[in-house]
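Indexing begins at 1, ligand by ligand and atom by atom, following the structure's order.
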Amino acid sequence: MASDGFRPLDEKSVVEYIKATPSLASVLAGDQPHQLHSLNIREVGDGNLNFVYVVIAPSASLVVKQAIPYVRCVGESWPMTKDRAYFEVTVLKEHGRLCPEHTPQVYHFDKTMCLIGMRYIEPPHIILRKGLVAGIEYPFLAEHMSDYMAKILFFTSLLYLTTTDHKRAVAEFCGNVEMCRLTEQVIFSDPYKVSQYNRWTTPYLDADAEAVRSDNVLKLEVGELKSKFCERSQALIHGDLHTSSVMVTPESTQVIDPEFGFYGPMGFDVGAFIGNLMLAFYAQDGHANQGNDRKSYKAWILKTIADTWNLFHKKFTALWDEHKDGPGEAYLPGIYNNSELQHLVREKYMRDLFHDTLGFGAAKMIRRIVGIAHVEDFESIPDAEKRAKCEQQALNVAKLLLKERRKFQSIEQVVSTLQQYHSQ
Ligand code: ADP
Ligand code: SR1
Ligand code: MG
């Protein structure tokens, strides 16, 4: 045990921990403690950072997630604060309050052990990214994700909060600085310079990676996005809203893993989700085979991209309208007192958010192709040349979106650009 009382668990010691922890034992066994004698434990952490244990009792289940003091996918050479568990649980609770339909319930938190007990998002839920690789359609995905993003972003912004409440919350989440610094490094810095962590499909993308490192306009624009990421405390964002942070069935959508949460720009979340759908789109040709050319699936992904933005826009502005005379102090009703002005303000706010979404989404695409932590969408394409072709198309469109984002006026224009940059 470390001097701070922290002890990394394993499949065996998780059982002892649960037996000694009433808030977990009661979820699993209710008033029948003998059920704790037949627990089935599996470590399933396939993420980059933490250990995740699925715990199954005869008539209940839960997940135990523990942060360890380093980045799991790199090893102990990259120390990382285990306080991330505190921020993850705090965001889970806040987002769960605002959007319980799409957030797993928290049962337990142990600050010393950096350990969260939460709902097991049970099968047939799978990680969305795996569903996208398998070519499965999710008819409610855009509806659910737009709902989640509209609620968590609107209700934690100055459009709904007083500046006093907002600033207090911003101050609390400034504590998640190490996780923000990780993002600053791997998304906004490393891909644009030589870094020991960068990786790409070599030799096919050698020139493309070099081109990213020597593109002045790209660097100018990504620098602006980095500043915005660091400076704009717009809302309590999830902070890592890629398609492996979403678990799905065709009917249900659950968002996990908000350990990077802090008060940051809304477009970082919306962009993460949409940018990862774009990666899935460009990976499809690598998964096509004689039995399935993936044509209709690609059309479904494009429709989901468009629906996600359009529904998000609709729901977010509807919340704004509903609460325009509420506590929010960004646009005081006494000043923004006529519908023409209110319309202008909303147009501008949503246009800026759209451009942020494209910029951050594109930056997230670029890091997954020439930086650290690649994605299964591409990694599961065994033929390196084929994979590189898919990655190159995604990289080219991402560079364009990042540099030219302000020229786009609608998501439909973005979708037609995605099609133009797609060779089949
Ligand atoms: P990391 O923080 O290391 O990225 P994640 O939170 O992404 O870890 O979890 C890693 C994996 O564990 C997920 O891909 C998922 O398969 C599984 N997992 C995490 N939380 C849950 C949950 N609440 N219910 C079911 N499975 C989960
Ligand atoms: C060391 S980079 C690890 C990545 O995994 C997380 O999911 C975040 O996306 C982070 O950038
Ligand atoms: Mg994760």
Side-chain angles (χ1 to χ4, degrees), residues 27 41-56 60-68 70-82 84-85 87-89 91-92 95-96 102-108 114-131 133 176 178-191 195-199 229 237-249 252-262 268-269 271-273 275-276 279 360 363-368 371-376:
V27 170
I41 317 263
R42 252 178 328 124
E43 204 279 315
V44 296
D46 61 356
N48 291 320
L49 299 177
N50 303 292
F51 283 78
V52 177
Y53 301 91
V54 170
V55 184
I56 313 275
S61 58
L62 53 77
V63 150
V64 166
K65 178 168 177 177
Q66 187 176 39
I68 34 121
Y70 55 89
V71 174
R72 183 179 181 175
C73 66
V74 175
E76 295 187 35
S77 64
W78 192 339
M80 182 51 55
T81 176
K82 47 191 171 36
R84 59 186 186 264
F87 291 101
E88 175 163 350
V89 82
V91 180
L92 278 176
H95 287 178
H102 303 302
T103 312
Q105 189 187 347
V106 172
Y107 304 134
H108 170 75
C114 307
L115 181 151
I116 304 168
M118 69 181 110
R119 174 187 160 193
Y120 172 42
I121 315 288
E122 71 291 348
H125 286 91
I126 58 169
I127 288 289
L128 172 58
R129 197 186 300 284
K130 291 186 184 296
V133 170
N176 208 9
E178 275 198 54
M179 299 303 276
C180 290
R181 286 179 61 77
L182 190 158
T183 295
E184 289 157 31
Q185 177 181 341
V186 301
I187 295 181
F188 299 108
S189 299
D190 280 357
S195 158
Q196 59 171 316
Y197 298 119
N198 288 346
R199 192 167 65 74
F229 176 80
I237 64 172
H238 175 286
D240 198 22
L241 196 51
H242 52 74
T243 48
S244 291
S245 293
V246 181
M247 296 190 71
V248 283
T249 70
S252 162
T253 306
Q254 301 293 320
V255 179
I256 61 169
D257 198 16
E259 67 194 314
F260 287 83
F262 78 114
F268 193 76
D269 271 0
F273 185 66
N276 273 265
L279 293 177
F360 286 123
K364 293 196 140 228
M365 292 169 75
I366 292 171
R367 69 72 63 110
R368 297 291 186 190
I372 192 177
H374 285 219
V375 288
E376 193 176 327

Notebook entry, point to check: Relative to ligand 2, is Phe260 under 4.0 angstrom through side chain, backbone, both or neither, heavy atoms considered?
Noted result: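 Under 4.0 Å from ligand 2, Phe260 contributes side-chain atoms alone.
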Next item on the list: Answer with side chain, backbone, both or neither: which part of Arg368 has a heavy atom less than 4.0 angstrom from an atom of ligand 2?
Entry: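 The answer is the side chain.
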Check: Does the pair His238 and Val255 meet the rule for a side-chain contact (heavy atoms from CB on, under 4.5 Å), with working shown?
Finding: CA-CA 9 Å; His238 175 286; Val255 179; 3.5 Å; yes
Interfacing atoms of ligand 2 (cut-off 4.0 Å, heavy-atom, [X]):
X: His242; value: 7 (O)
X: Val186; value: 11 (O)
X: Arg367; value: 2 (S), 4 (C), 9 (O), 10 (C), 11 (O)

Checklist line | Derivation of the ring-ring contact (aromatic ring centres under 6.0 Å, His included) call for Phe229 and Phe262 | finding: CA-CA 10 Å; Phe229 176 80; Phe262 78 114; 5.0 Å; yes
Identity of the nearest option to [atom], non-hydrogen atoms only, from [options]:
atom: atom 4 (O) of ligand 1; options: Ile256, Leu92, Leu49, Asp257; result: Asp257
atom: atom 2 (O) of ligand 1; options: Asn50, Asp46, Val44; result: Asn50
atom: atom 19 (C) of ligand 1; options: Val52, Ile127, Asp240; result: Val52

[X]: numbered ligand 1 atoms lying under 4.0 Å from its heavy atoms:
X: Tyr120; result: 24 (N), 25 (C)
X: Met118; result: 23 (N)
X: Asn48; result: 3 (O), 4 (O)
X: Arg119; result: 22 (C), 23 (N), 24 (N)

Notebook entry, point to check: What protein heavy atom sits nearest atom 24 (N) of ligand 1, and how far away is it?
Noted result: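 Answer for atom 24 (N) of ligand 1: Ile121 N, 2.8 Å.
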Check: Which residue supplies the protein heavy atom nearest to atom 4 (C) of ligand 2, what is that atom called, and how far is it?
Finding: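 Scanning the protein heavy atoms, the shortest distance from atom 4 (C) of ligand 2 goes to Asn48 ND2, 3.5 Å.
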Next item on the list: Please step through side-chain contact (heavy atoms from CB on, under 4.5 Å) for the pair Ile372 and Arg199, ending with a clear verdict.
Entry: CA-CA 6 Å; Ile372 192 177; Arg199 192 167 65 74; over 6 Å; no
Check: Quick one: does Met247 get a heavy atom under 4.0 Å from ligand 1?
Finding: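 The answer is yes, since Met247 has a heavy atom less than 4.0 Å from ligand 1.
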Is it the side chain (CB and beyond), the backbone, both or neither of [X] that lies under 4.0 Å from ligand 1, heavy atoms counted?
X: Val63; answer: side chain
X: Lys65; answer: side chain
X: Val54; answer: neither
X: Gln254; answer: neither

Next item on the list: Anything under 30° is parallel, anything over 60° is perpendicular, the rest tilted; go ahead and classify Phe268 against Phe188.
Entry: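 It falls in the tilted class, 30° to 60°.
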Notebook entry, point to check: Looking at Lys65 and Glu43, does any basic side-chain N land under 4.0 Å from a carboxylate oxygen?
Noted result: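 Answer for the salt bridge query: no.
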4.5 Å side-chain heavy-atom contact, [X] and [Y]:
X: Val246; Y: Ile256; value: no
X: Arg129; Y: Val375; value: yes
X: Met80; Y: Leu182; value: yes

Notebook entry, point to check: Is it true that some N/O/S atom of Asp257, main chain or side chain, lies under 2.8 Å from the Mg ion (ligand 3)?
Noted result: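 Checking the Mg ion (ligand 3) against Asp257, an N, O or S atom does fall under 2.8 Å.
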Margin query: Any donor-acceptor pair under 3.5 Å linking the side-chain atoms of Gln196 with those of Asp190?
Written below: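 On atom types as modelled, these side chains do not qualify, holding no pair under 3.5 Å.
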Notebook entry, point to check: Do we see a donor-acceptor contact under 3.5 Å between the side chains of Asn176 and Arg84?
Noted result: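 No, no side-chain donor-acceptor pair sits under 3.5 Å.
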Next item on the list: Could you tell me if any non-hydrogen atom of Asp240 lies under 4.0 Å from any atom of ligand 2?
Entry: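 Yes, that is the case, since the closest heavy atom of the residue is under 4.0 Å from the ligand.
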Notebook entry, point to check: What distance separates Lys82 NZ from Asn50 CG, expressed to the nearest 0.5 Å?
Noted result: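 Nearest 0.5 Å value for the NZ-CG distance: 12.5 Å.
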Next item on the list: Might you work through the side-chain contact (heavy atoms from CB on, under 4.5 Å) test for Phe360 and Asp269, ending with a clear yes or no?
Entry: CA-CA 8 Å; Phe360 286 123; Asp269 271 0; over 6 Å; no
Note to self: For Tyr53 and Arg42: C-alpha separation, side-chain torsions, deciding distance, then whether side-chain contact (heavy atoms from CB on, under 4.5 Å) applies.
What the structure shows: CA-CA 5 Å; Tyr53 301 91; Arg42 252 178 328 124; over 6 Å; no
Notebook entry, point to check: Is the closest N or O pair between Glu259 and ligand 1 shorter than 3.5 Å?
Noted result: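 Yes, Glu259 has an N/O under 3.5 Å of an N/O on ligand 1.
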